[in-house]
Chemist: 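So that we are looking at the same thing, I have put the structure below in structure tokens.
Index from 1, following the sequence.
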Amino acid sequence: MKFYSTNNSASEVDFREAVFKSFPADKGLYMPAYIPKLDERFLRRIENYPMQEIAYRVSHALLQDSIPSADLRKIVNDAIDFPAPVVKLDEKTHVVELFHGPSLAFKDFGARFMSRVMSHCLEDVGKVLDVLVATSGDTGGAVALGFLGIPNTRVTILYPRGKVSAIQELQLTTCGGNIRAIELEGSFDDCQALVKRAFVDAELNKAFQLTSANSINIARLIPQTFYYFNAFAELKKQGLANLVISVPSGNFGNLAAGLLAWKMGLPVSHFLAATNVNDTVPKFLRTGAYHPRKSVPTISNAMDVGSPSNWVRIMDMFKDHDRLGKMVTGYSFTDTETLNAIGVIFERYRYVACPHTAIGWLALEKWKSENPANNSTGIFLSTAHPCKFPDVFPDKIAHAIKPPESVKHLTEQERRSVRLANDFAAFKALLLETII
């Protein structure tokens with residue numbers, strides 16, 4: 001399979017180059033040369049397969065001969081070694097729990113798969129790969145734990161100072177080894193801008209083999225399709241169909257992966273793009289006018305993105321506003337609405353939802369109220385374990401949260417980070433002079 005830049009469909013590279021280059025020189029994003037349809041016989045029997053087999057079939061269809069089949073199966077089995085259960089809340093509402101991996105966030109799917117793909121591709125090269133990643137919360141922890149100890153890799157993570165939760169920050173700053181964290185005086189968009197600029201800087205590219213672990217990397221996007229197909233398989237066992245999926249959205253890699261899965265044959269009738277007050281995309285879906293802006297801090301911090309990178313992939317798949325609008329509806333919600341939803345979900349279902357998950361539920365509920373005649377099965381994605389946001393919940397709900405043992409150990413670890421001004425020259429100097 002070849003991969004092209006969204007800014008130049010005639011410029012194609014192989015998978016290895018797309019992974020390591022991450023960000024094309026023309027500042028587009030890589031997409032597969034064509035989107036294959038999964039075998040209909042497989043989809044008809046998908047409920048009979050475990051998630052790892054589903055993940056292998058999906059990734060093999062997208063990558064084809066880019067990685068030998070036996071190696072790809074090994075990568076999948078090693079990376080996707082945790083569940084993604086579908087929990088029934090009521091007859092028409094289900095939540096897909098994507099937080100059962102090491103960092104307790106959905107991004108473990110992408111980070112673990114990508115780290116093992118990169119390690120596989122580096123085996124016969126012997127070079128050191130420098131991974132740069134910007135995070136608004138969960139990406140950094142997933143990447144840190146996904147790459148920790150992976151041979152021939154060094155990871156630098158930028159996060160906005162004071163804008164991630166305490167547990168998220170511990171996950172970023174306690175790994176040590178080949179992982180380094182940088183506290184940036186700025187927003188997530190500022191972190192992302194520095195990373196993007198580094199990839200097109202000639203001096204840095206001469207000094208290092210740079211790549212990204214953000215969702216701009218195609219190796220992050222591909223494994224995010226896995227849990228959509230797995231959720232369909234789990235619901236198919238129950239005889240449920242006509243799915244509407246609500247996706248909490250920040251940088252929009254998660255929704256891009258869902259739409260990619262739909263293009264591959266996933267039977268979904270509609271997607272919901274659920275955001276906080278950083279509503280660039282919902283406004284575009286309503287008006288057709290796309291105006292990225294500076295992000296606003298919220299309690300759903302992993303979604304605090306005013307200029308979502310992956311939006312270009314979604315537009316590339318649909319080409320125009322009208323086609324996209326038939327498949328995706330966007331909603332945005334305030335912190336007050338989010339906090340209220342957390343309370344309602346707990347009272348109604350005795351289920352604790354993190355702020356991002358609550359926004360997914362809000363969008364699904366709003367869509368149902370606007371489409372009362374639609375007899376669909378509603379799914380919303382739970383993107384992070386609620387224990388990562390202890391300051392958000394009132395005592396009654398907080399007492400119902402059971403943190404995994406891994407979280408308890410974090411507080412005992414030494415915290416290490418570098419504080420940096422929002423200045424590319426300073427960031428570049430740090431990379432050149434003091435990289436791990």
Chemist: Please evaluate residues Val58 and Leu38 with respect to the criterion side-chain contact (heavy atoms from CB on, under 4.5 Å), reporting the C-alpha separation (whole Å), side-chain torsions for both, the decisive distance (0.1 Å), and the verdict.
Modeler: CA-CA 7 Å; Val58 173; Leu38 289 182; 3.9 Å; yes

Chemist: Taking atom NZ of Lys74 as the centre, does the number of heavy atoms from other residues, nucleotides or ligands within less than 6.0 Å exceed 12?
Modeler: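 At most 12 heavy atoms, drawn from other residues, nucleotides or ligands, come within 6.0 Å of this atom.
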
Chemist: So which pairs with a foot in residues 406-429 pass ring-ring contact (aromatic ring centres under 6.0 Å, His included), sequence neighbours left out?
Modeler: none

Chemist: First locate atom OH of Tyr228, then atom CG of Leu98, and finally report the distance between them rounded to the nearest 0.5 Å.
Modeler: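 Atom-to-atom, Tyr228:OH and Leu98:CG are 8.0 Å apart.
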
Chemist: Report the C-alpha separation of Asp108 and Ser103 in whole Å, then their side-chain angles, then the decisive distance to 0.1 Å, and conclude whether the side-chain hydrogen bond (donor to acceptor under 3.5 Å, both in side chains) test is met.
Modeler: CA-CA 6 Å; Asp108 284 319; Ser103 78; 2.8 Å; yes

Chemist: Just do the side-chain contact (heavy atoms from CB on, under 4.5 Å) check on Tyr34 and Met1 with the steps written out, would you?
Modeler: CA-CA 8 Å; Tyr34 68 94; Met1 176 69 79; 3.9 Å; yes

Chemist: Should Asp201 and Lys206 be marked as a salt bridge (charged side-chain N to carboxylate O under 4.0 Å, His left out) after you check the CA-CA gap, both sets of side-chain angles, and the distance that decides it?
Modeler: CA-CA 9 Å; Asp201 184 272; Lys206 183 178 180 180; over 6 Å; no

Chemist: Apply ring-ring contact (aromatic ring centres under 6.0 Å, His included) to the pair Phe82 and Phe109, showing each step before the final yes or no.
Modeler: CA-CA 9 Å; Phe82 51 92; Phe109 286 87; 4.8 Å; yes

Chemist: Please tell me if the side chains of His120 and Ile75 come closer than 4.5 Å, counting only heavy atoms from C-beta onward.
Modeler: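 Counting from C-beta outward, His120 and Ile75 do come under 4.5 Å.
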
Chemist: Could you check whether any side-chain heavy atom of Ile182 comes within less than 4.5 Å of a side-chain heavy atom of Ile157, counting everything from C-beta outward?
Modeler: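 With C-beta onward as the side chain, the pair stays apart.
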
Chemist: For a quick check under 3.5 Å, do Asp26 and Ser5 share a side-chain donor-acceptor pair by atom type?
Modeler: yes

Chemist: Show the nearest heavy-atom pair for residues Thr383 and His356, with the distance to one decimal.
Modeler: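 Thr383 and His356 have their closest heavy atoms at OG1-CB, 3.4 Å.
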
Chemist: Indicate whether the side chain of Gln171 and that of Lys388 have a donor and an acceptor atom separated by less than 3.5 Å.
Modeler: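 Lys388 and Gln171 do have a side-chain donor-acceptor pair below 3.5 Å.
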
Chemist: Assess the residue pair Thr298 and Ser300 against the criterion (side-chain hydrogen bond (donor to acceptor under 3.5 Å, both in side chains)); give the C-alpha distance rounded to whole Å, side-chain angles, the decisive distance to 0.1 Å, and a yes or no.
Modeler: CA-CA 5 Å; Thr298 73; Ser300 50; 3.0 Å; yes

Chemist: Do Glu183 and Arg161 meet the salt-bridge criterion of a basic N to acidic O distance under 4.0 Å?
Modeler: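 Between Glu183 and Arg161 there is a salt bridge, with a charged N closer than 4.0 Å to a carboxylate O.
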
Chemist: Show your working on side-chain hydrogen bond (donor to acceptor under 3.5 Å, both in side chains) between Asp189 and Ser295 and close with a plain yes or no.
Modeler: CA-CA 7 Å; Asp189 291 326; Ser295 61; 3.3 Å; yes

Chemist: Decide yes or no on side-chain contact (heavy atoms from CB on, under 4.5 Å) for Glu414 and Thr174, but give the supporting numbers first.
Modeler: CA-CA 6 Å; Glu414 180 185 359; Thr174 59; over 6 Å; no

Chemist: Might you point out which heavy atoms bring Ile179 and Ala144 nearest each other, and give the distance in Å?
Modeler: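 Shortest heavy-atom contact: CD1-O, 3.6 Å.
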
Chemist: In terms of relative ring orientation, are Phe199 and Phe23 parallel, tilted or perpendicular, with 30° and 60° separating the classes?
Modeler: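 If you compare the ring of Phe199 with that of Phe23, the planes turn out tilted.
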
Chemist: Answer yes or no for Lys283 and Tyr290: cation-pi contact, defined as NZ/CZ to six-membered ring centre under 6.0 Å and angle to ring axis within 45°.
Modeler: no

Chemist: Can you find a pair of side-chain heavy atoms, one from Val328 and one from Leu259, that are under 4.5 Å apart?
Modeler: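 The answer is yes, as the side chains (C-beta and beyond) meet within the 4.5 Å cut-off.
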
Chemist: Hey, are the side chains of Cys387 and Pro404 touching, using non-hydrogen atoms and a 4.5 Å cut-off?
Modeler: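 Yes. Closest side-chain heavy atoms under 4.5 Å.
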
Chemist: Can you give me the closest heavy-atom contact between Ser246 and Gly360, atom names plus distance?
Modeler: OG-O, 2.6 Å

Chemist: Below 4.5 Å, heavy atoms only, C-beta onward: do Val19 and Asn217 meet side chain to side chain?
Modeler: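 Touching, per the 4.5 Å side-chain cut-off.
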
Chemist: Test your reading of the model: is there a side-chain donor-acceptor pair from Arg220 to the backbone of Ala213, 3.5 Å cut-off?
Modeler: yes

Chemist: Say you draw a straight line from CG of Leu431 to CD of Glu203; how long is it, rounded to the nearest 0.5 Å?
Modeler: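 Reported value, rounded in 0.5 Å steps: 10.5 Å.
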
Chemist: For a side-chain contact (heavy atoms from CB on, under 4.5 Å) check, start with the C-alpha distance between Ile299 and Phe389, then their side-chain angles and the critical distance, and finish with the verdict.
Modeler: CA-CA 8 Å; Ile299 60 171; Phe389 311 93; over 6 Å; no

Chemist: From Ser11 OG over to Tyr30 OH, what is the distance, rounded to the nearest 0.5 angstrom?
Modeler: 6.5 Å

Chemist: Would you sort out whether Phe226 and Phe113 count as a ring-ring contact (aromatic ring centres under 6.0 Å, His included), showing the intermediate values?
Modeler: CA-CA 11 Å; Phe226 300 165; Phe113 180 85; 5.7 Å; yes

Chemist: Between Gln52 and Asn77, is there a donor-acceptor pair closer than 3.5 Å when you use the side chain of the first and the backbone of the second?
Modeler: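 Indeed, once roles are kept as given, a pair shorter than 3.5 Å links the two residues.
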
Chemist: Considering only NZ, NE, NH1 and NH2 on the basic side and carboxylate oxygens on the acidic side, decide whether Lys2 and Asp14 come within less than 4.0 Å.
Modeler: no

Chemist: Do Phe3 and Glu17 come within less than 4.5 Å of each other through their side chains, counting heavy atoms only?
Modeler: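 Not touching, per the 4.5 Å side-chain cut-off.
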
Chemist: State the CG-CG distance between Asp335 and Asn340, to the nearest 0.5 angstrom.
Modeler: 12.5 Å

Chemist: Counting C-beta onward and ignoring hydrogens, is there a side-chain heavy-atom pair between Leu243 and Ser269 closer than 4.5 Å?
Modeler: no

Chemist: Ignoring hydrogens and angles, tell me if any N or O in the side chain of Ser66 forms a donor-acceptor pair with the backbone of Leu63 under 3.5 Å.
Modeler: yes

Chemist: Main chain of Thr334, side chain of Thr338: is a donor-acceptor contact present, judged purely on distance under 3.5 Å?
Modeler: yes

Chemist: Are Lys368 and Glu365 ion-paired here, with the side-chain N under 4.0 Å from a carboxylate O?
Modeler: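 Between Glu365 and Lys368 there is a salt bridge, with a charged N closer than 4.0 Å to a carboxylate O.
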
Chemist: Could you pull out the closest heavy-atom pair between Ala358 and Ala353, with the gap in Å?
Modeler: N-CB, 4.1 Å

Chemist: For Val76 and Ala55, which heavy atoms make the closest approach, and how far apart are they?
Modeler: CG1-CB, 3.6 Å

Chemist: Out of Lys163, Arg197, Lys294, which one pairs with Asp190 under the salt bridge (Lys or Arg N to Asp or Glu O under 4.0 Å) rule?
Modeler: Lys294

Chemist: Atom CZ in Arg180, atom CG in Asp130: separation rounded to 0.5 Å?
Modeler: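 Taking CZ in Arg180 and CG in Asp130, the distance rounds to 9.0 Å.
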
Chemist: Enter the distance from Ser309:OG to Phe252:CZ here, rounded to the nearest 0.5 Å.
Modeler: 11.5 Å

Chemist: Would Phe318 and Trp262 satisfy ring-ring contact (aromatic ring centres under 6.0 Å, His included), going step by step from the backbone distance to the final call?
Modeler: CA-CA 12 Å; Phe318 284 84; Trp262 173 69; 5.8 Å; yes

Chemist: Can you find a pair of side-chain heavy atoms, one from Leu420 and one from Glu185, that are under 4.5 Å apart?
Modeler: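 Sidechains of Glu185 and Leu420: no contact.
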
Chemist: Checking side chain to side chain donor-acceptor pair (under 3.5 Å) between Tyr331 and each of Arg286, Glu370, Lys366, which is the one that passes?
Modeler: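 Among Arg286, Glu370, Lys366, the one that satisfies the side chain to side chain donor-acceptor pair (under 3.5 Å) with Tyr331 is Glu370.
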
